[in-house]
Chemist: 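Can you read through this structure? Questions will come right after.
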Amino acid sequence: MQKLDGDYMVQPVVKALQVLDYVTRQGHMVTLTEIVHELKLPKTTVFRYLQTLSATGFLEHDIWHDRYGTGGKFRELARVDHDLHGLREFAQPEMRLLVDTFHETVNLAVLSNSEVVYIDMLEPSKPLRASARIGHRHPAHSTSLGKAMLAYLPDAQLVLQRDGSLEPMTIKTLTEVSKLRRQVEDVRRRGYAIEMGENEDGLMCIGVPILDRAGYPVAAMSLSAPERRMRPERTSEAAEALKVAASRISRQLGAEAA
């Protein structure tokens, strides 16, 4: 790992990550002595880090041989990163085609608890002045992206999204859970979600789910535009184009997983 400096660095965390980095890079189980020798850290300190990382699943401890290796939690994070990379790789050509066809912004997002997280975004030559950027999080209930994914979650998960009222992003945001549930039922019937000024004033978004082979919403894609530009015919055309694009991405994801 590179040397890190800065007033805000938490040195014990840095050292624990150095231990994690060393162990996972070896490709085989290693001993406490090896790690201490390589990293030049106190033995008791390294031992505490190893025990903590093992207890949290980032490392695996072979008690019989007293060796340490890569844990399930670390592998899980690596798989998530790989899956997101594959998702973006398959989605980008479809997103580019949509941008070229409609000259509007196209977004790609995943669901994290009750929020959508934007993982990719393609904009036309004259980009829309919107607040969303890659890495930003917005409430699922106020976005077409979120509603498109909520509509395809198992019922139990949908019920558990939130209880009581929902946070308003604008005066148009749907804030009653019962109404949200009814709305996502409509989304499931037609295959796409629409939100008009619920997440950002004056902005309309059309969202569609990207499903895996089991029908689970692994992501969603949306087209964003000012409300004044999205007449009913254009909205219908964009919704159908988004559904076709999402279906092609889903098939590619299924083929990769096969």
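Note that the structure is a prediction, hence the values are computed from the model and not measured.
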Chemist: Any non-hydrogen side-chain atom of Glu60 less than 4.5 Å from a side-chain atom of Thr70?
Modeler: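 A side-chain contact under 4.5 Å is absent here.
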Chemist: What's the separation between atom CG in Asn107 and atom SG in Cys205, rounded to the nearest 0.5 Å?
Modeler: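 So the CG of Asn107 and the SG of Cys205 are separated by 6.5 Å.
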Chemist: Leu87 and Ile249: side-chain contact (heavy atoms from CB on, under 4.5 Å), yes or no, with the steps?
Modeler: CA-CA 8 Å; Leu87 173 62; Ile249 297 168; 4.2 Å; yes
Chemist: With sequence neighbours left out, write down each residue that passes side chain to side chain donor-acceptor pair (under 3.5 Å) with Asp66, or none if nothing qualifies.
Modeler: His61
Chemist: Can you get from Met204 to Val187 by hopping between Ile, Leu, Val, Met, Phe, Trp and Tyr side chains that sit under 4.5 Å apart?
Modeler: no
Chemist: Between Val106 and Met121, is the side-chain contact (heavy atoms from CB on, under 4.5 Å) condition met? List the steps.
Modeler: CA-CA 6 Å; Val106 177; Met121 186 178 297; over 6 Å; no
Chemist: For residues 29-50, which residue pairs qualify under salt bridge (charged side-chain N to carboxylate O under 4.0 Å, His left out), counting only residues two or more places apart or in two chains?
Modeler: Glu34-Arg67
Chemist: In Å, rounded to the nearest 0.5 Å, how long is the span from CG of Asp212 to CG of Leu253?
Modeler: 8.5 Å
Chemist: Would you tell me whether Asn199 and Thr143 have side-chain atoms, one donor and one acceptor, within less than 3.5 Å of each other?
Modeler: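 Result is no, nothing qualifies.
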Chemist: Test side-chain contact (heavy atoms from CB on, under 4.5 Å) on Leu59 and Thr24; report intermediate values, then the result.
Modeler: CA-CA 8 Å; Leu59 291 181; Thr24 55; 4.3 Å; yes
Chemist: Please tell me whether Met29 and Leu53 are part of a single hydrophobic cluster in this structure, the criterion being side-chain heavy atoms less than 4.5 Å apart.
Modeler: no
Chemist: Where the side chain of Arg234 meets the backbone of Phe102, is there a donor-acceptor pair that is under 3.5 Å apart?
Modeler: yes
Chemist: Of all heavy-atom pairs between Pro209 and Gly191, which one has the smallest distance, and what is that distance?
Modeler: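 Smallest interatomic distance, heavy atoms only, reads CD-O, 3.7 Å.
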Chemist: Without swapping roles, check the side chain of Thr45 against the backbone of Leu41 for a donor-acceptor pair under 3.5 Å.
Modeler: no
Chemist: Do Met230 and Met196 come within less than 4.5 Å of each other through their side chains, counting heavy atoms only?
Modeler: no
Chemist: Just jot down the ring-ring contact (aromatic ring centres under 6.0 Å, His included) partners of Tyr22, sequence neighbours excluded, or say none.
Modeler: none
Chemist: Mind checking salt bridge (Lys or Arg N to Asp or Glu O under 4.0 Å) for Glu195 and listing every partner two or more places apart, or none if nothing turns up?
Modeler: none
Chemist: What residues, two or more places apart in sequence or in another chain, satisfy side chain to side chain contact (heavy atoms under 4.5 Å, CB included) together with Glu240?
Modeler: Lys243
Chemist: Looking at every heavy atom in both Leu242 and Ile206, which two are closest together, and how far apart are they?
Modeler: CD1-O, 3.4 Å
Chemist: Decide yes or no for Leu153 and Pro217: does some side-chain heavy atom of the first lie under 4.5 Å from some side-chain heavy atom of the second?
Modeler: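 Yes; the side chains approach each other to less than 4.5 Å.
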Chemist: Give a yes or no on whether Phe47 and Ile63 share a hydrophobic cluster (residues Ile, Leu, Val, Met, Phe, Trp, Tyr; joining criterion: side-chain heavy atoms under 4.5 Å apart).
Modeler: no
Chemist: Enter the distance from Lys15:NZ to Leu39:CG here, rounded to the nearest 0.5 Å.
Modeler: 11.0 Å
Chemist: State the CG-CD1 distance between Leu108 and Ile119, to the nearest 0.5 angstrom.
Modeler: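 These two atoms lie 4.0 Å from each other.
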Chemist: Same cluster or not: Val13 versus Phe58, using hydrophobic residues (I, L, V, M, F, W, Y) connected whenever any side-chain heavy atoms lie under 4.5 Å apart?
Modeler: yes
Chemist: Assess whether a salt bridge exists between Glu237 and Arg231, defined as any Lys/Arg side-chain N lying under 4.0 Å from an Asp/Glu carboxylate O.
Modeler: no
Chemist: Check the pair Tyr68, Gln26 against side-chain hydrogen bond (donor to acceptor under 3.5 Å, both in side chains), reporting the backbone distance first and the verdict last.
Modeler: CA-CA 10 Å; Tyr68 299 85; Gln26 301 315 301; over 6 Å; no
Chemist: Scan for side chain to side chain donor-acceptor pair (under 3.5 Å) pairs involving residues 182-193, sequence neighbours excluded, and state none if there are none.
Modeler: Lys147-Gln183, Asp186-Arg189
Chemist: Please enumerate all residues that pass side chain to side chain contact (heavy atoms under 4.5 Å, CB included) together with Val117, with sequence neighbours excluded.
Modeler: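 With neighbours one apart ignored, the set is Val110, Ser112, Arg137.
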Chemist: Which Ile, Leu, Val, Met, Phe, Trp or Tyr residues join Tyr152 in one cluster when any pair of side-chain heavy atoms under 4.5 Å counts as a link?
Modeler: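 When side chains under 4.5 Å apart are linked, the cluster holding Tyr152 also contains Leu211.
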Chemist: Does the side chain of Pro226 come within less than 4.5 Å of Glu104's, by heavy atoms?
Modeler: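 Of all side-chain heavy-atom pairs linking Pro226 with Glu104, at least one is under 4.5 Å.
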Chemist: Quick test of your reading of the model: are Glu176 and Arg181 salt-bridged, counting only N-O distances below 4.0 Å?
Modeler: no
Chemist: Distance check, rounded to the nearest 0.5 Å: Thr105 atom OG1 versus Glu123 atom CD?
Modeler: 4.5 Å
Chemist: Work out which heavy atom in Gly197 is nearest to a heavy atom in Glu227; give both atom names and the distance.
Modeler: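 Looking at all heavy atoms of both residues, the shortest contact is N-OE2, 3.5 Å.
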Chemist: Is the side chain of Ser142 donor-acceptor paired with the backbone N or O of Met169 at a distance under 3.5 Å, no angle test?
Modeler: no
Chemist: So does Thr175 get a backbone contact from the side chain of Thr173, meaning a donor-acceptor N/O pair under 3.5 Å?
Modeler: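 Side chain of Thr173 to backbone of Thr175, a donor-acceptor pair under 3.5 Å: no, none is there.
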Chemist: Identify whether Met149 and Ile134 are in the same connected component of the hydrophobic contact network (ILVMFWY, side-chain heavy atoms under 4.5 Å).
Modeler: yes
Chemist: With a 4.5 Å limit on heavy-atom distance, are the side chains of Leu20 and Leu17 in contact?
Modeler: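 In contact.
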Chemist: Applying side chain to side chain contact (heavy atoms under 4.5 Å, CB included), name anything that partners Pro12, two or more places apart in sequence or on another chain.
Modeler: Val10, Tyr49
Chemist: Which heavy atom of Ala245 sits nearest a heavy atom of Leu98, and at what distance?
Modeler: CB-CD1, 4.1 Å
Chemist: Suppose we screen for side chain to side chain donor-acceptor pair (under 3.5 Å). Which residues come up paired with His28, at least two apart in sequence or across chains?
Modeler: none
Chemist: Specify the closest pair of heavy atoms between Glu167 and His141, including all atoms of both residues, with the distance to one decimal.
Modeler: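 Shortest heavy-atom separation between Glu167 and His141 comes out as O-NE2, 2.6 Å.
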Chemist: Please report the closest heavy-atom contact between Leu223 and Ala238, naming both atoms and the distance.
Modeler: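 It is CD1-CB, 4.4 Å.
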Chemist: With sequence neighbours excluded, what pairs up with Ser144 under the side chain to side chain donor-acceptor pair (under 3.5 Å) test?
Modeler: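 Residues passing side chain to side chain donor-acceptor pair (under 3.5 Å) with Ser144: none at all.
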Chemist: If you define the side chain from C-beta out and look only at heavy atoms, does anything of Phe90 sit under 4.5 Å from Ile210?
Modeler: no
Chemist: What's the separation between atom CD in Gln92 and atom CG in Leu97, rounded to the nearest 0.5 Å?
Modeler: 13.5 Å
Chemist: Mind checking side chain to side chain contact (heavy atoms under 4.5 Å, CB included) for Leu122 and listing every partner two or more places apart, or none if nothing turns up?
Modeler: Met95, Arg96, Val99
Chemist: Can you find a pair of side-chain heavy atoms, one from Val46 and one from Leu32, that are under 4.5 Å apart?
Modeler: yes
